[in-house]
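This report concerns only the one structure given below.
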Amino acid sequence: MFGFFELDLKKLLLVILILALPLISVNLERRDSDTGPRWYEQPVLWIVHPTQEFFSKFALGVSHTTSHYLNLVNIKTENRVSKEEVLKLKQDLAQVVEVKLENSRLKQQLQFQEESPNNLLGAQVIGVDLWGEYSSLNINKGSDHGIIKGMAVITREGAVGYILNSSAKYATVLALTDQNAVIDVLVQRTRARGISEGIGRDLCRIKYLQRTDDVQIGDLVITSGFDGIFPKGFPVGLVTKVSKKNYGVTQNVEMRPVVDTNRLEEVFIVIAPDIRESKLTPTDTDADKLAEKPSDKPVEKTIDKVPVKAKPTQ
Amino acid sequence: MNRTSWVITNFTLFLLLVLMAASVQSSLLHWLIGWRATIQVVIVIFTYICLYRSPTEALLFSIVAFFSIGLMSNMLQSVSVFSAICMFLALRTVRTRIYSSSPVHFTWTALGAIFGFHLISWLTAEIFETNPPHAHVLDWVLEVLITSLFVRLLYVIFIWLDRQTKRLTIIELNS
């Protein structure tokens, strides 16, 4: 009968013990959990917790470092991209500023061209004289555009010079400061008449002014219109030096042209001059800048021009 | 190509280079530098040709080049060509008396030629022109100083051009 139940007692006890251990442990866990770890748990916890803490900190450290590094990489990339964007924006901004300035300048030029009673043709300055001792400019309009020798060249600010020679597509302008350039001029305030002659170094000399003529430093010199080239009353320069010798019938007068030919970008060629006096005068800024000792007297407007709409040939 | 063709090619190339240099000098460099004084590439090329070519070729080059670039200035073409011939004679004299193949010699000669050309053209204009220009000596000195920074580079370019057009360069002639 017991053959069926022939069991090895040792084995049975072992099985019971194995089954009982978890039950016992469950039971132990439920008893006095608030009293802290037991004596046999302490050594384990002493080892486990610091180890856990160490590895946890290590893991966190690695995690932070990795994330920092990744962030740095990202920041670097973002920084590079941002820098490129800033650079591009700066370039765009510079272009916009340049375009705005050009637009404003061209608007003024166009307005000047439209309002001028003279028939004007706009041209771009493409070069200056090869040798510094001479003052001439090359422009991108020539005889194909109706330009012929002797035509006056002006800007919004004042007279520049006149056409020296022209080919089909280009022309050379003799600047007023060149020693070979001469034009008929008037001192605006006193109407004293003389001949302007270039002396280089961005200066001109006014010849044949009578000794008795009233000329002061800062006086505005305008075109007389007698030469039939320049429109009458167009600003030429501001008197910078007046000297009289003890003898002689004339006086030495030097003037600085209102237009700086070294910095010119666009000019106008007077195709058909209006011989009536222009009311154009240099701005206050020009006067202050150019005159060594500007005159106290305000720049007068003389004869009003007739509002004839100019028709550019181009 | 035979030797004559290479010589003509080289001559034409340097002539074009002079014209290009003159154009750049009177437009781009002027806008960039903003002074009257500029980098005198034209005279540096002219000096190179005068020093390292046969007298006939150099004289022909001087006349043709300065006649052409005379169109780009208000300076009378006759004054321009006359000054070039004077400078040619001066440079040939320098070559005969003090000769060296070193770039330093070339640099000093070119810088002297810049000042010399201005001086000669001013003197010529002073004698022959009705309204001669004023001498701007400081501008001349400034040009010499500015150009001195670029002479060595230009010298290297000229040697390279000579090699490309099968001309014996000064270095090869001396080796």
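Note that the coordinates shown come from a computational prediction; the quantities given were computed from them, not determined experimentally. Heavy atoms only: backbone and side chains are in, while hydrogens, waters and symmetry mates are out. Reminder, nothing fancy here: chain letters follow the sequence lines and each chain counts from 1.
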So with a 6.0 Å cut-off around [atom1] of [X], is the heavy-atom count from everything else above 12?
X        : atom1 : result
B:Phe82  : CZ    : no
A:Lys169 : NZ    : no
B:Phe67  : CZ    : no
B:Phe106 : CZ    : yes
B:Phe115 : CZ    : yes
B:Ile127 : CD1   : yes
B:Arg152 : CZ    : no

Side chain / backbone / both / neither for [X] at chain B, heavy atoms under 4.5 Å:
X        : result
A:Leu164 : side chain
A:Asp202 : both
A:Ile199 : both
A:Asp178 : side chain
A:Leu264 : backbone

(request) Could you look at B:Trp122 and say if it's the side chain, the backbone, both or neither that has a heavy atom under 4.5 Å from chain A? (result) neither
(message) Please classify the contact between B:Ala125 and chain A as side chain, backbone, both or neither, with a heavy-atom cut-off of under 4.5 Å.
(response) side chain
(message) Counting heavy-atom pairs under 4.5 Å with chain A, which one of B:Pro133, B:Ser80, B:Ser121, B:Ser23 comes out on top?
(response) B:Pro133
(request) Count the heavy-atom pairs under 4.5 Å between each of B:Met75, B:Glu143, B:Gln40 and chain A, then report the option with the highest count. (result) B:Met75
Nearest-0.5 Å distance, [atom1] of residue [X] to [atom2] of residue [Y]:
X        : Y        : atom1 : atom2 : value
B:Ser83  : A:Trp131 : OG    : CH2   : 9.0 Å
A:Leu174 : B:Asn74  : CG    : CG    : 5.0 Å
B:Glu129 : A:Asn180 : CD    : CG    : 6.0 Å

(request) For residues B:His136 and A:Glu133, report the shortest heavy-atom separation together with the two atoms involved. (result) CD2-CA, 4.2 Å
